[in-house]
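Atom set for the values below is all heavy atoms of this structure, side chains included, hydrogens, waters and symmetry mates excluded.
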Number of protein chains: 2
Amino acid sequence: MEHRIDRVKKLLHAQSYKLTPQREATVRVLLEREQDHLSAEEIYLLVKEKAPEIGLATVYRTLELLSELKIVDKINFGDGVSRYDLRKEGAEHFHHHLVCIECGSVEEIVDDLLVDVEKLVESEWGFQVKDHRLTFHGICKQCQQAAVKTPL
Amino acid sequence: MEHRIDRVKKLLHAQSYKLTPQREATVRVLLEREQDHLSAEEIYLLVKEKAPEIGLATVYRTLELLSELKIVDKINFGDGVSRYDLRKEGAEHFHHHLVCIECGSVEEIVDDLLVDVEKLVESEWGFQVKDHRLTFHGICKQCQQAAVKTPL
DNA sequence: GTCGGTGCAAAATTTTTGCACTAGC
DNA sequence: GCTAGTGCAAAAATTTTGCACCGAC
């Protein structure tokens, strides 16, 4: 855990930003709840438990900063709010999402499935790919099983 | 053009909704500006030119309805607003987006690149894919050429 | 007359901004 | 002291909702 905080600290310092207590608390929440795709509000409430004096605006400013530095990814699943995901350390593996349209659960998959597709996009469209977002919408394993047990 | 309006009309009727003048004006704007990824506000302003009495709330309600019926796709590129895209007629081909991080242009690609990837997700994760969203971020052909001519 | 649909205004929600204040160098 | 960073409150921006009204069947 600590080495991951240190890594963020270094990335911030490299751009002359500081890892303030507020920023550290925010990063710690992101680390602790890495699988959770938290919204700014949710992050704010969790950070408040560690650092009660923090303001929502600071959380937004921190998340925006981390987002610019590509330390977190700002993602949007179509409900009104942005969600924030810590990037994995080895930046060559992106992670994608499986959003269940039944129960709303979000699963992550870490394989880089798009290597071939990216090559195709570069050669066919002349578009130099830097990053990508991929989200599948569908029905998760649990809901499929539930549907078998209790059909409509 | 007209047959595409008719198609929407049928889809609405099939679910006991009407193609009111306001809804028709909205769909026409979407048809005319199909490549443009308009926001609700932009659509509202364009619809107002045809039907000045329309309210923004109606545009939102129409877009939400069309979205539920899968006639349009609600997409989000990370700026604060939702954008709306008419689905292509042959629903088995989704369309993906190439977002240029230099000039902000959005290109569409219509190939269904993900057939193999979807199969993998279904077999590996047991997730039944219904739809997907794929966006590439990178540098478009024009900006690459501009960069060669005028390096930093 | 009923009911889906609409327009308007108000409300709710999410995010940003202005400004005075603080802490570290 | 200067500067980056912060907290708070206000503002902005986007989207939703309540309600009275309208129009087609």
Options D/dA4, D/dT14, C/dT15, nucleotide nearest the side-chain atoms of A/Leu56 = C/dT15
query = Once you round it to whole Å, what is the distance between C1' of D/dA24 and CG of B/Leu19?
reply = 14 Å
message = Whether B/Ser82 contacts D/dT14 is assessed here as follows: a side-chain N or O lying under 4.0 Å from the phosphate OP1 or OP2. Is that the case?
response = no
inquiry  = Using the side-chain heavy atoms of B/Arg23, tell me which of these nucleotides is nearest: D/dT6, C/dG5, C/dT14.
reply    = C/dG5
inquiry  = With a 4.5 Å cut-off on side-chain heavy-atom distances among I, L, V, M, F, W and Y, is there a chain of contacts connecting A/Leu134 to A/Val117?
reply    = yes
inquiry  = Rounded to whole Å, please give me the gap between OH in B/Tyr17 and P in C/dT6.
reply    = 12 Å
query = Expressed in angstrom and rounded to an integer, what is the separation of B/Leu63 atom CG from C/dT6 atom C1'?
reply = 15 Å
task = May I have the distance from A/Ile54 (atom CD1) to D/dG5 (atom C1'), rounded to whole angstrom?
result = 11 Å
message = Nearest whole Å is fine: how far is D/dT6 C1' from A/Glu53 CD?
response = 10 Å
request  = Report the distance from atom CD of A/Gln22 to atom P of D/dA4, rounded to the nearest whole Å.
outcome  = 17 Å
request  = Check whether any side-chain heavy atom of A/Lys50 lies under 4.5 Å from a side-chain heavy atom of A/Val29, and answer yes or no.
outcome  = yes
message = Expressed as a whole number of angstroms, how long is the span from B/Asn76:CG to C/dT14:C1'?
response = 12 Å
query = Of the nucleotides C/dC8, C/dG7, D/dG7, which one has an atom closest to the side chain of B/Ala57?
reply = C/dC8
message = Expressed as a whole number of angstroms, how long is the span from A/His13:NE2 to D/dG5:C1'?
response = 13 Å
ask   = In terms of hydrophobic clustering (I, L, V, M, F, W, Y; side-chain heavy atoms under 4.5 Å; direct or indirect links), are A/Leu45 and A/Val27 co-clustered?
value = yes
message = Is it true that, when you exclude B/Tyr17 itself, more than 12 heavy atoms of the residues, nucleotides or ligands shown sit nearer than 6.0 Å to its OH?
response = no
Heavy-atom donor-acceptor pair, A/Arg61 side-chain to D/dG7 base, under 3.5 Å = yes
ask   = In terms of side-chain heavy atoms of B/Lys18, which of C/dG5, D/dG5, C/dG7 is nearest?
value = C/dG5
inquiry  = Counting only side-chain nitrogens and oxygens, does A/Thr20 get under 4.0 Å of the OP1 or OP2 atom of D/dA4?
reply    = no
ask   = Side-chain N or O of B/Tyr60 less than 4.0 angstrom from OP1 or OP2 on D/dT16?
value = no
query = If you check every side-chain atom of A/Thr58, which of D/dG7, C/dG5, C/dA9 has the closest atom?
reply = D/dG7
ask   = In terms of the nearest nucleotide of DNA chain D, which residue is placed more toward the 5' end: B/Ala40 or A/Gly55?
value = A/Gly55
query = Should A/Leu65 and A/Leu86 be counted in the same cluster of Ile, Leu, Val, Met, Phe, Trp and Tyr side chains packed under 4.5 Å apart?
reply = yes
inquiry  = C/dG4, OP1 or OP2 - any side-chain N/O from B/Ser16 closer than 4.0 Å?
reply    = no
